[in-house]
**Student:** 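Below you'll find the structure I mean.
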Amino acid sequence: MLSFEFLREKREVLIKALEKRGYDAAIVDELVKLDEERRRLIREGDELRRIRNQRNEDVARLKKQGADISELIAELRQVSRRIKEIEEKQAKVESKFKELWLQIPNIPHESVPIGKDETENKVIRQEGEPREFDFEPKPHWELGEKLGILDFKTAAKMSGSRFAVYKGLGAKLERALINFFLDVHTREHGYVEVMPPVLVKSESAYASGHLPKFREEMYFIEQDELFLIPTAETSLANLHRDKILDEDSLPLKYVSYTPCFRREAGSYGKDVRGIIRVHQFNKVELFQFTKPEDSYDVLEQMLAHAEKILKLLKLPYRIVQLCTGDLGFASAKTYDIEVWAPGVGRWLEVSSVSNTESFQARRSNTRFRRKSTGKVEFVHTLNGSGLATPRTFIAILENYQRKDGTVEIPEVLRPYMGVSEIA
RNA sequence: GGAGGGUUAGCCUAAUUGGUAAGGCGGCGGAUUUGAAAUCCGCUGGGGUUACUCCCUUGGGGGUUCGAGUCCCUCACCCUCCGCCA
């Protein structure tokens, strides 16, 4: 959610931002109209309430004196009726306004390149060289099935397409990755480990910005009106909802391992094989609450924290800056990290690091009191995967595969695995 | 699932039979001071307005009333106990 400032004083900035993102800016006119209507009703209602408050004091006083107040009360009954009418109108206008306002995405940071979709994202740099193979590298689903560590047939029977059963060293590798990620971020990068619920109420999904726009992307438990989270970000954005934090406590750094659930509606036929795109996956998520002036430095730090994992795993990757057309709804600036997967011959997104500035903080009403002024301000929130496991799993199988279909385990994972290869 | 108790501002705590939320702490600003402490004064969340001595805010929503923290209904969350389950 944005400050109303953008609707009133900085309307051109808002319209320009929407256009850059490829949104229809016509919604702004409607919002302006509703906002004006809303304010008109507030003024009208305030005036009537002021009269009512004043006259009610007269009622109390006169009643104590034993005077006849029946006329006054009859008059006030009228005033109350009008107040009620106005309040009803106002509630309608406000709910319409809010509905539209919640659909407005964040304003892209000035450093974000303008572009219409993911084809216009910018590759900023590449780290590590893709390995030269003296044989044709196989895709992970072939390697995984042959090694008996991934079972797609059984998963399809149990749960349908886009699921996988991990077995034996496959399951262990998955668990090793999660533990390795958590250990690096808690020990080396100073994050506090958090294990949040993976089922959340709708208001939490609104706060994180996943509702209303991504309703179709989330699994919904109708009986209890709960959503399965698509990312730990959804839960973590609510950690300090409706709180005023101490300035000294910032930045607050959290790391969470959670399963993530995505319906992948509309992606039929895309990445149907293997575990590139699945309905349920594991992810270790970094999340920070910062002061506004620090958030862009923190964005770079978080990118480095996520990169550290790939460096330790010795996997080649590249950093991509998302253009305005591909930027996430809540994000003002995002870097993606893509790892090289030689078996499928593609760069795969394993992390997305975003600064939402105060966008989520407004929705979640998360603020801090600034010591120098004593005033409350919204914090900035940032999130980044550190990392998502399936595509890291893919990259390990495909990059560390041998000609005979066996896979070497990266050095740093061996203490977690207890073995040096999957054969 | 059943019974009872609770939710007041950043935190803590009040509020006769319904008369419009009182204090304390913390924080910020100011006065005083060589500086600090102490003391005193003001401010403290949201909104509207050219502006104000204006409006709103007692967990959410609704109702009764001229007027609701207070009475009624409903929902959420927390605590205690019972039942069920792990």
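Convention: sequence-line order gives letters A, B, ...; per-chain numbering from 1.
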**Student:** Considering only the C1' atoms, how many Å lie between G47(B) and G27(B), rounded to the nearest integer?
**Tutor:**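 Those two atoms are separated by 23 Å.
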**Student:** What's the CD-C1' distance between Glu57(A) and A21(B), to the nearest Å?
**Tutor:** 14 Å
**Student:** Scan Lys201(A) against the nucleic acid and name what it touches under 4.0 Å (heavy atoms): base, sugar-phosphate only, or nothing.
**Tutor:**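 Sugar-phosphate contact only.
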**Student:** Of the options G47(B), U49(B), G67(B), whose atoms approach the side-chain atoms of Arg38(A) most closely?
**Tutor:** G47(B)
**Student:** What integer number of Å spans the P atoms of U32(B) and G10(B)?
**Tutor:**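 U32(B) and G10(B) have their P atoms separated by 32 Å.
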**Student:** Please measure how far the C1' atom in G59(B) lies from the corresponding atom in G5(B), and state the result in whole Å.
**Tutor:** 16 Å
**Student:** How many whole angstroms separate atom CG of Asp248(A) from atom P of G26(B)?
**Tutor:**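 So the CG-P distance, Asp248(A) to G26(B), works out to 16 Å.
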**Student:** Give the residues of residues 78-92 of chain A touching RNA chain B, defined as any heavy atom closer than 4.0 Å, sorted by residue number.
**Tutor:** Ser80(A), Lys84(A)
**Student:** What I want to check is whether the side chains of Gln360(A) and Glu233(A) have a donor and an acceptor closer together than 3.5 Å.
**Tutor:** yes
**Student:** Taking the nucleotide of RNA chain B with the closest heavy atom to each, which residue, Thr373(A) or Gln54(A), is nearer the 5' end?
**Tutor:** Thr373(A)
**Student:** Report the relative orientation of the aromatic rings in Tyr254(A) and His240(A); use parallel for angles under 30°, tilted for 30 to 60°, perpendicular for over 60°.
**Tutor:**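 Tilted.
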**Student:** Can you list, in residue-number order, the parts of residues 42-50 of chain A that come under 4.0 Å of RNA chain B, counting heavy atoms only?
**Tutor:**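 Nucleic-acid contacts, sorted: Ile42(A), Arg43(A), Asp46(A), Arg49(A), Arg50(A).
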**Student:** Do Phe97(A) and Phe4(A) have their ring centres less than 6.0 Å from each other?
**Tutor:** yes
**Student:** As a test of reading the structure: which of G19(B), G26(B), G67(B) is closest to the side chain of Arg52(A), going by heavy atoms?
**Tutor:**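 For Arg52(A), the side-chain atoms sit closest to G67(B).
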**Student:** Take N1-N3 plus N6-O4 or O6-N4 for Watson-Crick, N1-O2 plus O6-N3 for G-U, both under 3.5 Å. Which runs of 3 or more such pairs involve RNA chain B?
**Tutor:** B:1-7 with B:76-82, B:10-12 with B:23-25, B:26-31 with B:39-44, B:45-47 with B:54-56, B:59-63 with B:71-75
**Student:** What is the distance from CZ of Arg367(A) to C1' of G27(B), rounded to the nearest Å?
**Tutor:**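 To the nearest whole Å, that distance equals 15 Å.
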**Student:** For the pair made of CG in Asn53(A) and P in C56(B), what is the distance, rounded to whole Å?
**Tutor:**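 Asn53(A) atom CG is separated from C56(B) atom P by 5 Å.
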**Student:** Considering only atom P, compute the distance from G23(B) to G18(B) and round it to an integer number of Å.
**Tutor:** 24 Å
**Student:** Measure from the side-chain N and O atoms of Ser235(A) to the backbone N and O of Pro197(A), and report whether any donor-acceptor pair falls under 3.5 Å.
**Tutor:** yes
**Student:** With sequence neighbours excluded, what pairs up with Arg50(A) under the side-chain hydrogen bond (donor to acceptor under 3.5 Å, both in side chains) test?
**Tutor:**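 side-chain hydrogen bond (donor to acceptor under 3.5 Å, both in side chains) check on Arg50(A) returns Glu47(A).
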**Student:** Using a 4.0 Å heavy-atom cut-off across all strands, classify Lys375(A) as base, sugar-phosphate, or nothing.
**Tutor:**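 No contact.
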**Student:** Do Phe227(A) and His210(A) have their ring centres less than 6.0 Å from each other?
**Tutor:**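 Judged by ring-centre distance (under 6.0 Å), Phe227(A) and His210(A) do not meet the cut-off.
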**Student:** Taking C66(B) as the reference, what is the distance to C25(B) when you measure between their C1' atoms (whole Å, please)?
**Tutor:**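 The answer is 39 Å between these two C1' atoms.
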**Student:** For U65(B), does either OP1 or OP2 sit under 4.0 Å from a side-chain N or O belonging to Arg77(A)?
**Tutor:**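 No, no such contact exists.
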**Student:** Grab the CD-P distance between Glu377(A) and G45(B) for me, whole Å please.
**Tutor:** 12 Å
**Student:** Considering every strand and a 4.0 Å limit on heavy-atom distances, what is the contact class for Arg55(A): base, sugar-phosphate, or nothing?
**Tutor:**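 Contact class for Arg55(A): none.
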**Student:** Report yes if a side-chain nitrogen or oxygen of Arg8(A) is closer than 4.0 Å to either non-bridging phosphate oxygen (OP1 or OP2) of G48(B); otherwise report no.
**Tutor:**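 The answer is yes; a side-chain N or O of Arg8(A) sits under 4.0 Å from OP1 or OP2.
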**Student:** Evaluate Glu37(A) against Lys33(A) for salt bridge (charged side-chain N to carboxylate O under 4.0 Å, His left out), listing each step before the verdict.
**Tutor:** CA-CA 6 Å; Glu37(A) 173 72 358; Lys33(A) 251 183 240 162; over 6 Å; no
**Student:** Between G30(B) and U7(B), how far apart are the C1' atoms? Round to whole Å, please.
**Tutor:**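 Looking at atom C1' only, U7(B) and G30(B) are 37 Å apart.
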**Student:** Report the distance from atom CG of Leu62(A) to atom P of U20(B), rounded to the nearest whole Å.
**Tutor:**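 In whole Å, U20(B) P and Leu62(A) CG are 15 Å from each other.
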**Student:** Between A21(B) and G69(B), how many Å separate the two C1' atoms, rounded to a whole number?
**Tutor:** 8 Å
**Student:** Return yes if some donor-acceptor pair links the side-chain N/O of Asn106(A) with the main-chain N/O of Thr356(A) below 3.5 Å, else return no.
**Tutor:**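 Indeed, once roles are kept as given, a pair shorter than 3.5 Å links the two residues.
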**Student:** Should the pair Arg362(A) and Phe6(A) be classed as cation-pi, given the thresholds of under 6.0 Å to the six-membered ring centre and 45° from the axis?
**Tutor:** no
**Student:** Measure CD/Glu5(A) against P/G48(B) and give the value in whole Å, please.
**Tutor:** 12 Å
**Student:** Kindly write out the residues that satisfy side-chain hydrogen bond (donor to acceptor under 3.5 Å, both in side chains) with Lys89(A), not counting sequence neighbours, or none if the list is empty.
**Tutor:**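 Lys89(A): no side-chain hydrogen bond (donor to acceptor under 3.5 Å, both in side chains) contacts found.
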**Student:** Considering only atom P, compute the distance from G48(B) to C55(B) and round it to an integer number of Å.
**Tutor:**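 Each nucleotide's P atom is 16 Å from the other's.
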**Student:** Given atom CZ of Arg40(A) and atom C1' of U49(B), what is their separation to the nearest angstrom?
**Tutor:** 15 Å
**Student:** Rounded to the nearest 0.5 Å, how far does CD of Glu307(A) lie from CG of Leu387(A)?
**Tutor:**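 Here the rounded value is 10.5 Å.
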**Student:** Heavy-atom count around Lys92(A) NZ within 6.0 Å, excluding the residue itself: above 12?
**Tutor:** no
**Student:** Could I get the full list of ring pair (Phe, Tyr, Trp, His ring centres under 6.0 Å) partners for Phe368(A), not counting sequence neighbours?
**Tutor:**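 Counting only residues at least two positions away or on another chain, Phe368(A) forms no ring pair (Phe, Tyr, Trp, His ring centres under 6.0 Å).
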